[in-house]
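Single-structure report; data block below.
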Amino acid sequence: MTPLSRRLLAALLCTCALAAGGCGAPGGLGTGTPAPPVSTQPRPEPLWPAWTNAPGAAVGRREPAPLPLKSAPAVGADGLAGVDPKDVVRADPRMRPYLGKDEIRAPGPAGTRPPVYRDLTGDGQQELVVAADTATGRSALSVYAVVHGKIVSILFTIGRQLAAEAVGTDLLVRIAADDGSEQAVRYHWDGDRMTVVNDERSFRKSGPDCADPEARTTPGCTAVHSHQPRDPKASRAPEAGGSSR
């Protein structure tokens, strides 16, 4: 039988089967065979329904906007650049205990670092960034802004081996965590305060060549990163002991 004849015969047989009730595909269900039941997939069942929140949702109410500092110096046309940073820190009850008598220019001794002015709110005005180091190795950092003509603390955080970088209008604070890793917390202005938008930990392998801070790219010292993005609308303090206000 030629190939053409075989195709004609197959078509004729299928036509007859359709008239009798359908052509079953090879390996498929035959005529009159019931379909197997569809298994129901389990659904999540919260153990504590009252504690169930959508991922990334803020728990509890949003904190009220920070209040102006009492006894803070008056702000003139020059903004924060026209006031004494020490007077601002003295008016801040959280930062006042870290105020050192001397201004330091390098890591090591205890004291207050030189003040830095940077626009971190995106309004074109310079905010005041102050940091102080203690003899125990811990540091405190505060950011001050002028809101409705008054000086307000929009960020306060503490940590060991604290370093800070400006990323546009964001502030990236790096500290040494208690587990030996480096914690990098990125803050962003939300209209009331600087809030956490990203929290990253870097774990480096141990070894004699990995102790140097410049050894991040050294073979065998590759860092392992752990990212914890945050909701910019939710005010949350960093896990390594810092806090945002």
Listed partners of [X] passing side-chain hydrogen bond (donor to acceptor under 3.5 Å, both in side chains), at least two apart:
X: R186; answer: D170
X: E103; answer: R105
X: E165; answer: R174
X: T169; answer: none

Practice task
Could you go through the side chain to side chain contact (heavy atoms under 4.5 Å, CB included) check for W189 and D123 one step at a time?
Solution key: CA-CA 11 Å; W189 171 250; D123 62 354; over 6 Å; no

Practice task
Determine whether I104 and L99 fall in the same hydrophobic cluster, where Ile, Leu, Val, Met, Phe, Trp and Tyr are linked whenever their side-chain heavy atoms lie under 4.5 Å apart.
Solution key: no

Handout entry: Same cluster (ILVMFWY, side-chain, under 4.5 Å), V147 and L120
Key = yes

Which pairs would a plain distance check flag for residues 108-116, meaning a side-chain donor or acceptor within less than 3.5 Å of a matching protein atom at least two apart in sequence or in another chain?
| from | atom 1 | to | atom 2 | distance (Å) |
| --- | --- | --- | --- | --- |
| T112 | OG1 | G100 | N | 3.3 |
| R113 | NE | D133 | OD1 | 3.1 |
| R113 | NE | D133 | OD2 | 3.3 |
| R113 | NH1 | L162 | O | 3.3 |
| R113 | NH2 | D133 | OD1 | 2.9 |
| R113 | NH2 | L162 | O | 2.9 |

Exercise for the section: Have a look at V143 and tell me which of V130, V152, L171, L128 forms a side chain to side chain contact (heavy atoms under 4.5 Å, CB included) with it. Expected result: L171

Exercise for the section: Give me the other members of the hydrophobic cluster that L172 sits in, counting Ile, Leu, Val, Met, Phe, Trp and Tyr linked by side-chain heavy atoms under 4.5 Å, directly or via other members. Expected result: V167

In Å, rounded to the nearest 0.5 Å, how long is the span from [atom1] of [X] to [atom2] of [Y]?
X: Q183; Y: I175; atom1: CD; atom2: CD1; answer: 4.5 Å
X: Y187; Y: D199; atom1: OH; atom2: CG; answer: 8.0 Å
X: L155; Y: S142; atom1: CG; atom2: OG; answer: 7.0 Å
X: D178; Y: R160; atom1: CG; atom2: CZ; answer: 5.5 Å

Problem - Other residues, nucleotides, ligands: >12 heavy atoms within 6.0 Å of R96 CZ - result: yes

Which pair of non-hydrogen atoms, one from [X] and one from [Y], has the smallest distance, and what is that distance?
X: A145; Y: E127; value: CB-CG, 3.7 Å
X: M95; Y: A132; value: CE-N, 3.9 Å
X: S202; Y: E200; value: OG-OE2, 3.7 Å
X: R201; Y: S181; value: NH1-OG, 3.6 Å

Counting only pairs under 3.5 Å, give me each side-chain donor-acceptor contact of residues 69-90, with atom names and distances, residues two or more places apart or in other chains.
| from | atom 1 | to | atom 2 | distance (Å) |
| --- | --- | --- | --- | --- |
| D84 | OD1 | K86 | N | 3.0 |
| D87 | OD1 | R90 | NH1 | 2.9 |

Completion exercise
Residues pairing under salt bridge (charged side-chain N to carboxylate O under 4.0 Å, His left out) where one sits in residues 149-159, two or more places apart or in two chains, turn out to be none

Fill in the blank from the handout: Applying salt bridge (charged side-chain N to carboxylate O under 4.0 Å, His left out) to D119 and not counting sequence neighbours gives none

